[in-house]
Amino acid sequence: MNPDLEKLQPYPFEKLNALKSGVTPPDIGHIALSIGEPKHATPALIGAALQEGLEPGLASYPLTRGMPELRTAICDWLARRFKLPTDSLDPERHVLPVNGTREALFAFAQAVIDRSRPARVVLPNPFYQIYEGAALLAGAEPHFLPCTVGHGYLPDFDAVDPDVWDTCQLLYLCSPGNPTGAVMPQASLQRVIELADRHDFVIAADECYSEIYLDEASPPVGLLQAAAAMGNSDYRRCVVFHSLSKRSNAPGLRSGFVAGDEAILAGFLRYRTYHGCAMPLQHQQASVAAWRDETHVRDNRRQYREKFEAVLDILGGCLDVRLPDAGFYLWPRTPLDDETFTRELFAAQNVTVLPGSYLSREVDRFNPGAGHVRMALVASRDECIDAARRIRQFVENL
Ligand SMILES: Cc1ncc(COP(=O)(O)O)c(C=O)c1O
């Protein structure tokens, strides 16, 4: 077997199961705030288009580069959403469908990393664990950038040693961030693009939470938008990752896309052709319907907004917790260490949260996820409110 497999860490949920094992919670109904799986209803238009696409979808091999209609729908959406210059995105060259961003974020490193020279992959800490596994299996060394409360839970790019940038081949960004909910401002994205130009690396911006934001008037800025605003409208070195899983409550559709630098996408298409990960035609058709509709996305945001308001009303004053810039997670600081808090909360109130230290790595004796827990407000409003009341009671009894 490939010895690099031994370097892969257990997934956070394996650690969580081990932490909870042997604990018997009270019989009051379990509420899981631990998993970031959207639970709002999938819009009917997605199911209808999927059904319609079965014929001839099931009887045809799809192309890896996807149907032109899907690539066009994606380019139209990107241009609209991020106010990109007209015609700066060509559906033939700048976009590829992927089966959810998870597989694409992993595969991307395999296609990008040049193993013939020293390779670092730079990533935020805490982070979505796929970035680290992708780096390790591509033969690269992960280099973590702490995202601390003191820096708005965002990486401080100017604190990174230039030697690190010199061997960096790929930088993962996550904005809006999982788990912190922090959104990178345009100026930071542009700073990163300057660094990428100077030190010759590729930026992979995971923007899969970009459509879950609180203020309808100020959606999170994206990497392509930041690039275009500084005159880089061929998106050199920039690739963004988007998904229907969170935007459209369709995690089972496994549908997303990558877009950006055409030379990088050409190489990625070559990789994907061999990997054999074309999206089934009926999923492509359902995706066209989803990218072309914003009504359900606005309604989705309204539901999250209502939940944040209700839950923070209950938790405010008892936990050190703030409204995130975007996304559907709360990232409170815990009055006990995060593992003890999680286990004791489960034991006392049958509510599961995820310890922050399971989403991060200790570097130089500092773990930026420690002392936090992640709470995903994915369940119904009533269930989220019930969970918040139980958490409040738990904290007040400490
Ligand atoms: C930060 C982040 N990126 C990517 C993904 C993968 O999403 P999908 O593969 O459903 O697009 C997730 C899922 O939870 C995530 O939290």
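Residue numbers count from 1 along this sequence. Counting convention: from 1, in listed order, for ligands and their atoms alike. Here the structure is a predicted model, which means the values were calculated and not measured.
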Relative to the ring of [Y], is the ring of [X] parallel (under 30°), tilted (30 to 60°) or perpendicular (over 60°)?
X	Y	result
His40	Tyr304	tilted
Tyr128	Tyr131	perpendicular
Trp77	Trp291	tilted
Phe127	Phe144	tilted

Exercise. Would you sort out whether Arg305 and Glu216 count as a salt bridge (charged side-chain N to carboxylate O under 4.0 Å, His left out), showing the intermediate values?
Key: CA-CA 10 Å; Arg305 214 164 20 237; Glu216 287 294 323; 3.4 Å; yes
Quiz item: Looking only at heavy atoms, what is the nearest atom pair of Asn350 and Ile28, with distance?
Solution: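 Here Asn350 and Ile28 meet closest at CB-CG1, 4.1 Å.
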Closest protein heavy atom (residue, atom, distance) for [atom]:
atom	result
atom 10 (O) of ligand 1	Ser245 OG, 2.6 Å
atom 9 (O) of ligand 1	Arg254 NH2, 2.7 Å
atom 14 (O) of ligand 1	Lys246 NZ, 2.7 Å

Exercise. Please determine if Tyr131 has a nitrogen or oxygen closer than 3.5 Å to a nitrogen or oxygen of ligand 1.
Key: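 In fact, backbone or side chain, Tyr131 has no N or O that close.
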Quiz item: Does Tyr329 reach ligand 1 with a nitrogen or oxygen that is under 3.5 Å from one of the ligand's nitrogen or oxygen atoms?
Solution: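 In this structure, Tyr329 places no N or O atom under 3.5 Å from an N or O of ligand 1.
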Quiz item: Which atoms of ligand 1 are found less than 4.0 Å from any heavy atom of Gly100?
Solution: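 Numbered from 1, ligand 1 contributes 9 (O), 11 (O).
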Practice problem: State the atoms of ligand 1, each with its element, that fall below the 4.0 Å cut-off from a heavy-atom position in Tyr209. | Solution: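 Under 4.0 Å from Tyr209, ligand 1 has these atoms: 1 (C), 2 (C), 14 (O), 15 (C), 16 (O).
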Quiz item: Quick one: does ligand 1 sit under 4.0 Å from the side chain of Pro251, the backbone, both or neither, non-hydrogen atoms only?
Solution: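 Within the 4.0 Å criterion, Pro251 makes no contact with ligand 1.
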For ligand 1, is there an atom lying under 4.0 Å from some heavy atom of [X]?
X	result
Gly256	no
Glu103	no
Phe241	no
Glu37	no

Self-check item: Criterion side chain to side chain donor-acceptor pair (under 3.5 Å) against Glu211, the qualifying member of Lys246, Arg247, Arg81
Solution: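 With Glu211 as partner, side chain to side chain donor-acceptor pair (under 3.5 Å) holds for just one option, Arg81.
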Quiz item: Counting heavy atoms only, which of Ile130, Thr101, Asp206, Val98 comes nearest to atom 2 (C) of ligand 1?
Solution: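 Residue with the shortest heavy-atom distance to the ligand atom: Asp206.
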Quiz item: Side chains of His143 and Cys168: does their closest heavy-atom pair fall under 4.5 Å?
Solution: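 They are not in side-chain contact.
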